[in-house]
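Notes follow the structure.
Below, read A as the first sequence line, B as the second, and so on, with proteins coming before strands; counting in each chain starts at 1.
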2 protein chains.
Amino acid sequence: MPLSRQLSSSRIRDDGRGIPDATVARLPIYHRVLRSLADDAVHTISSDHLAQRCGVSPAKLRKDLSHLGSYGTRGVGYEVDFLSYHISRELGLSQPWGVVIVGVGNLGHALVSYKGFASRGFEIVGLLDSHPDVVGEKVCAGETDLVVQPMAELEKVVSSSNASIAVIATPADAAQKVCDRLVAAGVRSILNFAPTVLSVPVGVEVRKVDLAVELQILAFHEQRRVDDLTPLAQVMQA
Amino acid sequence: MPLSRQLSSSRIRDDGRGIPDATVARLPIYHRVLRSLADDAVHTISSDHLAQRCGVSPAKLRKDLSHLGSYGTRGVGYEVDFLSYHISRELGLSQPWGVVIVGVGNLGHALVSYKGFASRGFEIVGLLDSHPDVVGEKVCAGETDLVVQPMAELEKVVSSSNASIAVIATPADAAQKVCDRLVAAGVRSILNFAPTVLSVPVGVEVRKVDLAVELQILAFHEQRRVDDLTPLAQVMQA
DNA sequence: AAGCATTTGTGCCTTCGTGCACAAAGTTGA
DNA sequence: TCAACTTTGTGCACGAAGGCACAAATGCTT
Ligand SMILES: NC(=O)c1ccc[n+]([C@@H]2O[C@H](COP(=O)([O-])OP(=O)(O)OC[C@H]3O[C@@H](n4cnc5c(N)ncnc54)[C@H](O)[C@@H]3O)[C@@H](O)[C@H]2O)c1
Ligand SMILES: NC(=O)c1ccc[n+]([C@@H]2O[C@H](COP(=O)([O-])OP(=O)(O)OC[C@H]3O[C@@H](n4cnc5c(N)ncnc54)[C@H](O)[C@@H]3O)[C@@H](O)[C@H]2O)c1
């Protein structure tokens, strides 16, 4: 039955696999809040309370968690450490991931000094830039210091550090070429800060962070608020 | 017929107002690509070509644009300047928006020096920080220089500059209090970089940018790729 | 002027995501 | 042991979003 193979496989596995994208995007939030609760010595929490701290509805939270398995106790709630462990396991945070940053300008420097990476299981293992002034600079990244490497070293850095995630923080016009070289070097996950649409072959995932886009979305709703009030004022004047 | 009221209302208004969130999130991309095309002296483009440059499907692009009105010409395509103007108008970019940044640390400095804000109709009109070493610092922001103000000046800066958008780039544990003060000062749109869930009253919109979350989503898919291969290797060994 | 080629705008269908409501399951207390 | 209470996990219904396919509309050529 080759047709049903994809759908059937193992039911236990299916539970773990078919996690909706919307749920995956929220799991890191749940994980962060749970870790924070554990620091405050909270051992157990109900879906209602956890949902409130995460800014989601209780029903959505429970449905999200149900995709991972039945890790709650009815009548009680969820054990913080237990649930936190299973989420981190599902997200792949039980092992540290190596990250390479290409483009160590204003934004790149901020990223390197960011402590939120290491605390969530990511380790910056390589810095690359093309500008002579930046290459060779020693940058403090968490515990160890890193030296910015020239672009010629890209393939070597990626393969020797076994990094599978790359961050692009170069100007927009350089991003596609950098992306191509990263993909050729074996990187399959890219976080792109340059305001450009990157084309990649299938099997490579690109996520983008575009601050200007975020502001423009805010501006849209801001203007809509203004427009909604304007007709009222016009009516009042008439 | 109270049931059909929501659906009917005014068709003309509905066209302008009921733009789906997913569409609004893509309009800035279309706008950026159109501006780039205009710079290259392209006057007309079809939905197929524009969609390819924007990384979306042609059907999605056409449906998105149809929410703004009928600005295309059948058999020809879209006039670049004309469409660009209508998108910028819909996004509220015809007028410049003032932006206040709270927290001028590593990330805050990078944001101030970012040229992508001014070029898209946003102007940084205020910088605020609580640390004595940072307050008073002169920072080069676009054309004009800005001086970092102490937190006591927050309300004054917001009201005098008439800023309606604020960016929070403080540590996580300070974000909620900063947020409360911004809202009290009249800010209704907030872009939050601190890894915390902010609670705001209704009518205030918060968008968050969490780099660690983005990396964790990438890590999830990365691990899923590894897990999908593992059973195969086990089968081959057996 | 008329037909051909091209491209838009949209109706329809499928898939995905969300919220409600409740039965099932477990705890607590008597 | 049993009943009352709490909370999870999920079935269902609804709305949002995406993709396909095609009729309508426009330009171009003859
Ligand atoms: N600074 C921000 O706050 C901010 C905000 C949003 C988006 N961005 C985007 O992030 C990117 C980086 O921003 P930034 O402010 O750090 O710019 P930047 O100019 O300060 O830094 C860019 C760095 O990339 C390097 N570089 C240039 N070409 C390269 C190449 N071909 N290969 C490798 N390295 C190269 C430069 O030497 C420089 O060090 C830009 O695309 C920008 O649009 C920045
Ligand atoms: N640096 C990054 O790349 C990065 C990435 C993702 C998220 N973040 C988040 O962005 C925020 C800022 O990051 P950063 O690297 O710039 O940190 P930072 O420590 O360099 O800067 C924080 C700034 O906020 C100021 N501040 C502290 N408390 C304040 C208060 N109560 N009111 C006003 N200002 C206050 C500090 O004086 C400092 O200047 C953090 O929440 C961080 O988690 C940063």
Worksheet item: Could a donor-acceptor pair under 3.5 angstrom be found where the side chain of A:Lys60 meets the base of C:dG19?
Response: no

Worksheet entry | Any donor-acceptor pair under 3.5 Å from A:Arg207 side chain to A:Ser189 backbone | no

Discussion item. Would you say that B:Tyr114 contacts A:Leu107 through its side chain, given a criterion of any heavy-atom pair below 4.5 Å between the two side chains?
Written reply: no

Fill in: Closest listed nucleotide, where the reference is the side chain of B:Ser47 and the choices are C:dT10, C:dT8, C:dT18
C:dT8

Discussion item. Please report the distance, rounded to the nearest Å, between CG in B:Asp64 and P in C:dT8.
Written reply: 14 Å

Worksheet item: Between which nucleotides of DNA chain D, read 5' to 3', does contact with chain B run, using atoms under 4.0 Å from its heavy atoms?
Response: D:dA17 to D:dG27

Item to complete: Any chance you could list the contact pattern along nucleotides 25-30 of chain C? Use B for base contacts, S for sugar-phosphate-only contacts and - for none, protein heavy atoms under 4.0 Å, 5' to 3'.
Response: BSS---

Worksheet item: Rounded to whole angstroms, how far apart are CD on B:Gln52 and C1' on C:dT7?
Response: 16 Å

Item to complete: Could you tell me whether the side chain of A:Asn192 and the main chain of A:Ala194 form a donor-acceptor pair under 3.5 Å?
Response: yes

Fill in: Between C:dT8 (C1') and B:Leu83 (CG): distance, integer Å
12 Å

Using atom types as modelled, flag every donor-acceptor pair under 3.5 Å from a side chain in residues 164-172 of chain A to any protein atom, sequence neighbours excluded.
none

Item to complete: Identify whether any heavy atom of B:Asp21 sits under 4.0 Å from a base atom; if not, whether one sits that close to sugar-phosphate; answer base, sugar-phosphate or nothing.
Response: sugar-phosphate

Worksheet item: So with a 6.0 Å cut-off around CZ of B:Arg181, is the heavy-atom count from everything else above 12?
Response: yes

Practice prompt. Using only heavy-atom distances, determine whether the side chains of A:Thr44 and A:Glu79 contain a donor-acceptor pair under 3.5 Å.
Written response: no

Worksheet item: With a 4.5 Å heavy-atom cut-off, do A:Val112 and B:Asn106 have their side chains touching?
Response: no

Practice prompt. Identify, between A:Ser46 and B:Arg62, the residue whose nearest nucleotide on DNA chain D lies closer to the 5' end.
Written response: A:Ser46

Worksheet item: Got a sec: does the NE2 of A:His86 have more than 12 other heavy atoms crowding it under 6.0 Å?
Response: yes

